[in-house]
Amino acid sequence: MRFSLLDLADRFQLKLVGEAAIEVDRMEPLVSASAGALSFLSQKKFQPLLLKSAASAVILKPEWAEPAPMAVLLSDNPYLSYAKIARLLHPVPVPAAGIHASAMIDPKAQIDPRASIAAQVVIEAGAVVEAGCVIGAGSYLGERVYLAENVCLNPHVTIHHDCHLGKRVKVQSGTVIGAEGFGYANEEGRWLAIPQIGAVQIGDDVEIGANTTIDRGALEDTVIEEGVILDNLIQVAHNVHIGAFSAIAGCVGIAGSAKIGRHCTVGGAAGILGHLEIADYVNITAKSLVTSSIGEAGTYSSGTPLQPNRLWKRNRVRFSQLDSMARRLAALEKNRH
Amino acid sequence: MRFSLLDLADRFQLKLVGEAAIEVDRMEPLVSASAGALSFLSQKKFQPLLLKSAASAVILKPEWAEPAPMAVLLSDNPYLSYAKIARLLHPVPVPAAGIHASAMIDPKAQIDPRASIAAQVVIEAGAVVEAGCVIGAGSYLGERVYLAENVCLNPHVTIHHDCHLGKRVKVQSGTVIGAEGFGYANEEGRWLAIPQIGAVQIGDDVEIGANTTIDRGALEDTVIEEGVILDNLIQVAHNVHIGAFSAIAGCVGIAGSAKIGRHCTVGGAAGILGHLEIADYVNITAKSLVTSSIGEAGTYSSGTPLQPNRLWKRNRVRFSQLDSMARRLAALEKNRH
Amino acid sequence: MRFSLLDLADRFQLKLVGEAAIEVDRMEPLVSASAGALSFLSQKKFQPLLLKSAASAVILKPEWAEPAPMAVLLSDNPYLSYAKIARLLHPVPVPAAGIHASAMIDPKAQIDPRASIAAQVVIEAGAVVEAGCVIGAGSYLGERVYLAENVCLNPHVTIHHDCHLGKRVKVQSGTVIGAEGFGYANEEGRWLAIPQIGAVQIGDDVEIGANTTIDRGALEDTVIEEGVILDNLIQVAHNVHIGAFSAIAGCVGIAGSAKIGRHCTVGGAAGILGHLEIADYVNITAKSLVTSSIGEAGTYSSGTPLQPNRLWKRNRVRFSQLDSMARRLAALEKNRH
């Protein structure tokens, strides 16, 4: 599909500087773009690359347009405009509706005829798959799983019994939703598993990465509200509640019954302990550990700086002496007076 | 299934205060419970919730019973009593024995007729599946895998050749047991893979979460002793040995040949380096890194506190100056005398 | 297969001290070895074990040979010699070529007749599988995936459309290559997914562990150069570039567009932020967080030491006061003069 710059400017309310009839059919990065491609400039520091780019047009901020030798589409948020135009130029191919002959669908499951079920899929009794759903090869839906309209599961996704996924939820491969949470009582040294009888409720437009795990609740449900995005290899323990539109980066671990607010961001490999509450609009930076509730919006961090190992070793050992150092410092101060 | 409070008090040796004939058929949380439900109070601080709860009965400590408007079951360990009664009220449904038509079982595998093998399962030659085992859809058993009585594998579990799982072992979806460990020799800059000819030995009553990986040993076996519980997304490297009844939380990484004692707990996202030994009854707190052996029982930690990013940045940069600060402090002290 | 020590000494250019006709057929650890086994000594500290070992022969450094009661093969690098001889004694069994009846191969895929395709495999249109490839049970190849000669995928591997794997690439179970990266633009609080139209390029001889995820690129490809080794549960985000022969340990997270040099090593559970560059021959120690580019070879670290929890708590709270301590120390110093 090809679009003229005039058409794009019109659809996305951008100002066009250049020839309206120029057509583009794909997005490419500034450096490697060739004729027929649209590119974008997301940061001022890359401005010099404009002169070397063979892109037919570039999306950029009005104040960055000066040296551009090609047509430009002016946007106050070039990255967002790129996202929108990329979705137009590169639509996700939708497989044909229907059920592959090798899929094993329980007769008591309800599959909308407008859904697409790939090879080797297994769907248990009582599951409901609404119109427009796409279930990738080898995925598994347990009993009474409910998939609302246009859910997309990539190959090898596992959804356990009684979990609900909202409209347009997308799940990457290898992810497990509704496994039994890590709930045990200790009896004289032995661990006794507690039945995990809650499920997982996932709101509309949630997107979930690959090999992530979202455990079912112990008594009540684990809840992911609408519009949340989760990256790969994230652990969401039982009875966690993630507020709408929050974004969680890869390798994050969220312990049981933690409640994360709306519009939060959690950086890669951060950890959040259980049974605590995080307010809306909180940002946690990468690899930080949240050990108590956070009542106020803002950015929070823990950790030490990266250093050459030789220097770090010296500082590291001093960390073990910090309390002593603080006391000695106070003693000196007292002594001075 | 419904049980009278008299019956429950009797089975679990609890003291009943209230009407013996009252019946319950499910566990529910205190706040959202309705009539017919049993609930529990695990901490004193939630005592005020008793007055608002519609549960038919509540398990709690004798000293917390005062304001309860409903029948109560008195327990010195309400959480443990909850676990036990929940297992009675909410038994795990057991699928019918037999082999699904779509499963691919090598003729040289031995499947007990009392085992249940779901759709799309693949079982290789020489594997043995004992009575009462439940193998979930799409799971894979390599050659000569041995599953003792009543092993339960959820869908999409992978067990590689020659691994042994003890009685009642339970494995959540997406977990891989017996992949080849990360063993390489370096030859002039290139990595040469070392054959991983050990297997994995898993004791009775071990429970393993979702998307966890337990690598096979290099020469000898990786060993998980009886009663160990492992959460999701844990990495257990080759030749690790985990002692009986230890509990490992999600996202933990355990490097090669580490030996963890019995009755240890490892908090979420902690790391344990290789070739070290941890005594029995050691607790490692979340996100700590264990870099050398621990000879004594107790709780161990590393890491820095979470702070607002603006404050943290100032302290973080000072960490790089810690050794210098310590020397300057000592100089001041010396100077004073 | 049995080999005489003479034969082994000859093949691997080792000096033999002992009877040339002695035969061995397997590698075993020094402590548990029995007659007929070859063992090795990798560190001087284990020398005393030689006297107790029943191994028929041992590989060791010339200077460690003295007390050995058995035949020895002298090597300047016993670990490397062990690796090479183990590969001879314990070859990986190669399954017969051919396609299992239950595999679902699109008629437009090209499968070399010398490849082996196991049960339940799904291969989409346009995929190419070259000679000698082994595809484990239940694995999935998307459209136009290209597997060069002798690629080995263990069971339950997912390779998404358009990804290329070089010769002899080996992938352990549960790994997902080419899932869509975590790329979103924010529009008034809502996350808008950006099409991920790049793919993943993996060079020759790369080895990848279990349940690892390597995301496809946003506009250009994610690249893993030749000879890289990746352990289990690693997150490689979109547009990451890993230079040849680098080794990444388990649970590492690498954020988008990070560029790692050649011959680097990254310790377990380390984190690397996005859009930064790491030089060749850089080593990052376990659980460190790399927050900016590293221009020079060397070893780098972050983190604090493990301590008994009681002591750690005191030092941990002082970390929050570090900047204040530094200022007070400076004030004292100034005051002194």
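These values consider heavy atoms only, across backbone and side chains, with no hydrogens, waters or symmetry-generated copies. So that the names make sense, note that chain A is the first sequence line, chain B the second, and so on, each numbered from 1.
- The part of B:Gln307 that comes within reach of chain C is its side chain, from C-beta onward, which places non-hydrogen atoms under 4.5 angstrom from that chain.
- Heavy atoms closer than 4.5 Å to chain B are found in the side chain of C:Lys170, but not in its backbone.
- Side-chain contact between C:Asp280 and C:His263 is absent, with no heavy atoms from C-beta onward closer than 4.5 Å.
- Atom CD in B:Glu124 sits 10.0 Å away from atom CZ in B:Arg144 (nearest 0.5 Å).
- Residues B:Ile254 and B:Val266 form no side-chain contact, since every pair of their non-hydrogen atoms from C-beta on lies 4.5 Å or further apart.
- Partner of B:Val236 under the side chain to side chain contact (heavy atoms under 4.5 Å, CB included) criterion, chosen from B:Ile272, B:Thr222, B:Asp215: B:Thr222.
- Contacts between B:Ser102 and chain C at a heavy-atom distance below 4.5 Å involve the backbone alone (N, CA, C, O).
- Taken from CD in C:Glu207 to CG in B:Leu192, the straight-line distance is 9.0 Å, to the nearest 0.5 Å.
- Looking at B:Ala193, both its backbone and its side chain come within 4.5 Å of chain C, counting heavy atoms on both sides.
- When heavy atoms are compared at a cutoff of 4.5 Å, B:Asn186 approaches chain C solely by way of its backbone atoms N, CA, C and O.
- When side chains are defined from C-beta on, B:Trp312 counts as touching C:Phe319, because their heavy atoms get closer than 4.5 Å.
- With a 4.5 Å cut-off on non-hydrogen atoms, B:Val122 touches chain C through its side chain but not through its backbone.
- Checking each of C:Val176, C:Val157, C:Val206, C:Ile202 against C:Val171 for a side chain to side chain contact (heavy atoms under 4.5 Å, CB included) leaves exactly one that passes, namely C:Val157.
- With a 4.5 angstrom heavy-atom cutoff, B:Ala179 touches chain C via backbone and side-chain atoms both.
- For the options C:Leu311, C:Asn232, C:Val228, heavy-atom pairs under 4.5 Å to chain B are most numerous at C:Asn232.
- Using a 4.5 Å cut-off between heavy atoms, C:Pro308 touches chain B through backbone and side chain atoms alike.
- Side-chain contact check for B:Arg216 versus B:Asp162: some heavy-atom pair is nearer than 4.5 Å.
- With a 4.5 angstrom heavy-atom cutoff, B:Thr299 touches chain C via backbone and side-chain atoms both.
- When heavy atoms are compared at a cutoff of 4.5 Å, C:Leu80 approaches chain B by way of both its backbone and its side chain.
- Only the side chain of C:Glu226 comes within less than 4.5 Å of a heavy atom of chain B; its backbone N, CA, C and O stay farther away.
- With a 4.5 Å cut-off on non-hydrogen atoms, C:Ser39 does not touch chain B at all.
- Both the backbone and the side chain of C:Ala330 come within contact range of chain B, each with at least one heavy atom under 4.5 Å from a heavy atom of that chain.
- Two residues are said to be in side-chain contact when any heavy atoms from C-beta on lie closer than 4.5 Å; B:Asn309 and B:Lys313 meet this criterion.
- In this structure, no portion of C:Ile208 lies under 4.5 Å from any heavy atom of chain B.
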